[in-house]
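For ligands, and for the atoms within them, numbers begin at 1 and follow the listed sequence. Numbering starts at 1 and runs along the sequence shown.
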Amino acid sequence: MTLAVKFHDLHPTPAATSLRDEILMGFRADQKFASPKFFYDQRGSELFDQICEQPEYYPTRTEELILAAAAADIAEIAGHEATLIELGSGASRKVRLLLEAMRPSSYLGIDISREFLLESTRRLAADYPWLEVHAACADFSCNMALPDGVYCERPVGFFPGSSIGNFDPQSAENFLRGLHSLLPTGSGLLVGIDLIKDKATLEAAYNDEAGVTAAFNLNLLERLRHELNAEIDPRHFAHQAFFNEELSRIEMHLVSRLPQVVTIEGERFRFQKGETIHTENSYKYTIEGFQALAGRAGFEARSCWTDTDGLFSVHYLERA
Ligand code: AVI
């Protein structure tokens with residue numbers, strides 16, 4: 001049986017050239033860096049799924065608890081017959097908590113990892129035969145347009161997992177402003193936001209005992225080896241993650257274990273021992289801080305739900 005997932009090509013499609021150009025640009029900088037969006041090849045997406053199951057990584061299970069408890073309230077605010085648009089849909093697990101309660105008429109999953117997206121939307125189509133399922137492979141961090149044929153009068157964006165925390169606050173605001181111009185007045189936007197808390201809890205979440213986050217971070221170097229023919233040995237780098245309190249963000253780096261030279265596309269990059277590639281920021285917010293940011297981008301806070309320990313928050317915003 002062919003499962004009915006309507007696949008759309010969106011622009012800009014994540015292309016190999018952007019990996020090459022962006023990585024080379026990042027490695028040429030004084031503080032070397034790589035965008036966290038490049039974590040998510042097939043292996044990276046699988047490792048991220050495993051991170052979500054680690055006991056130290058509280059965001060996923062906490063957000064799922066919040067969504068399960070709030071699903072009926074969310075459905076009441078969003079109304080039935082909506083089009084649910086999931087940004088960075090990944091394994092599309094959390095959205096299942098909303099589908100039964102909301103009964104949207106259609107679902108659109110947008111993700112940068114094509115194979116992973118197809119697999120997960122096919123599973124959704126099989127499990128929810130009443131739902132019209134669309135998939136679009138796109139880099140939603142760039143300005144994009146929604147595909148024809150999916151749009152309806154009641155779109156509700158779903159951006160879970162505190163993924164917005166991987167943008168710096170100004171880019172997060174710009175991103176929301178982009179969604180503001182994409183969505184009609186009155187549209188909903190459901191966003192998961194990780195909250196500021198004690199340093200030990202935060203740092204443990206990004207340094208799990210099983211070493212899955214370390215493998216996820218180091219997999220970026222494997223990707224450079226396979227896709228850009230980079231001469232770089234992942235064994236010569238170590239995972240590092242810490243909470244930068246001043247900037248309210250977890251920083252992830254790959255630390256060079258020794259002085260070395262690596263080559264990407266024929267270009268040589270020198271590393272001192274201890275020098276790092278900055279691979280990710282994960283900003284943490286207060287509820288008020290996030291609502292103020294959303295307000296500057298033209299979204300009004302309609303409702304907010306948290307867990308009893310105040311670890312995580314889910315916000316229902318309305319496009320004003
Ligand atoms: C996807 N994103 C919200 C995760 C985070 O917590 O910033 C990515 C991640 N990086 C390491 N662990 C999880």
- Establish, yes or no, whether the cationic atom of Lys32 lies under 6.0 Å from the six-membered ring centre of Phe271 and within 45° of the ring axis. yes

- Heteroatom proximity flag, Tyr206 to ligand 1, N/O under 3.5 Å: yes

- Counting heavy atoms under 4.0 Å, the part of Tyr40 that contacts ligand 1 is side chain

- Message: If the threshold is 4.0 Å, N to carboxylate O, is there a salt bridge linking Glu86 and Lys94?
- Response: no

- Please report which non-hydrogen protein atom sits nearest to atom 8 (C) of ligand 1, along with the residue it belongs to and the distance in Å to one decimal place. Glu280 OE2, 3.4 Å

- Task: Please work out whether any backbone atom (N, CA, C, O) or any side-chain heavy atom from C-beta onward of Asn166 is under 4.0 Å from ligand 1, and answer side chain, backbone, both or neither.
- Result: side chain

- Query: When you check the side-chain N and O atoms of Glu46 and Gln42, is any donor under 3.5 Å from an acceptor?
  - Reply: yes

- Measure the spacing between OG of Ser256 and CG of Leu258 and express it to the nearest 0.5 Å. 5.0 Å

- Any non-hydrogen atom of Phe39 lying under 4.0 Å from ligand 1? no

- Task: Give a yes or no on whether the backbone of Tyr283 and the side-chain of Ser248 come within a donor-acceptor separation of less than 3.5 Å.
- Result: no

- Task: Could you tell me whether Arg235 and Asp233 have a side-chain N and a carboxylate O separated by less than 4.0 Å?
- Result: yes

- Message: Could you check whether Arg96 pairs with Asp127 (Lys NZ or Arg NE/NH1/NH2 to Asp/Glu carboxylate O, under 4.0 Å)?
- Response: yes

- Has Pro59 got any heavy atom lying under 4.0 angstrom from an atom of ligand 1? no

- Task: For atom 7 (O) of ligand 1, grab the closest protein heavy atom and report residue, atom and distance to one decimal in Å.
- Result: Ser282 OG, 2.6 Å

- Item | Any Gly161 heavy atom less than 4.0 Å from ligand 1 | yes

- Task: Identify, by atom number and element, the atoms of ligand 1 in contact range of Ser163, meaning under 4.0 Å from any of its heavy atoms.
- Result: 3 (C)

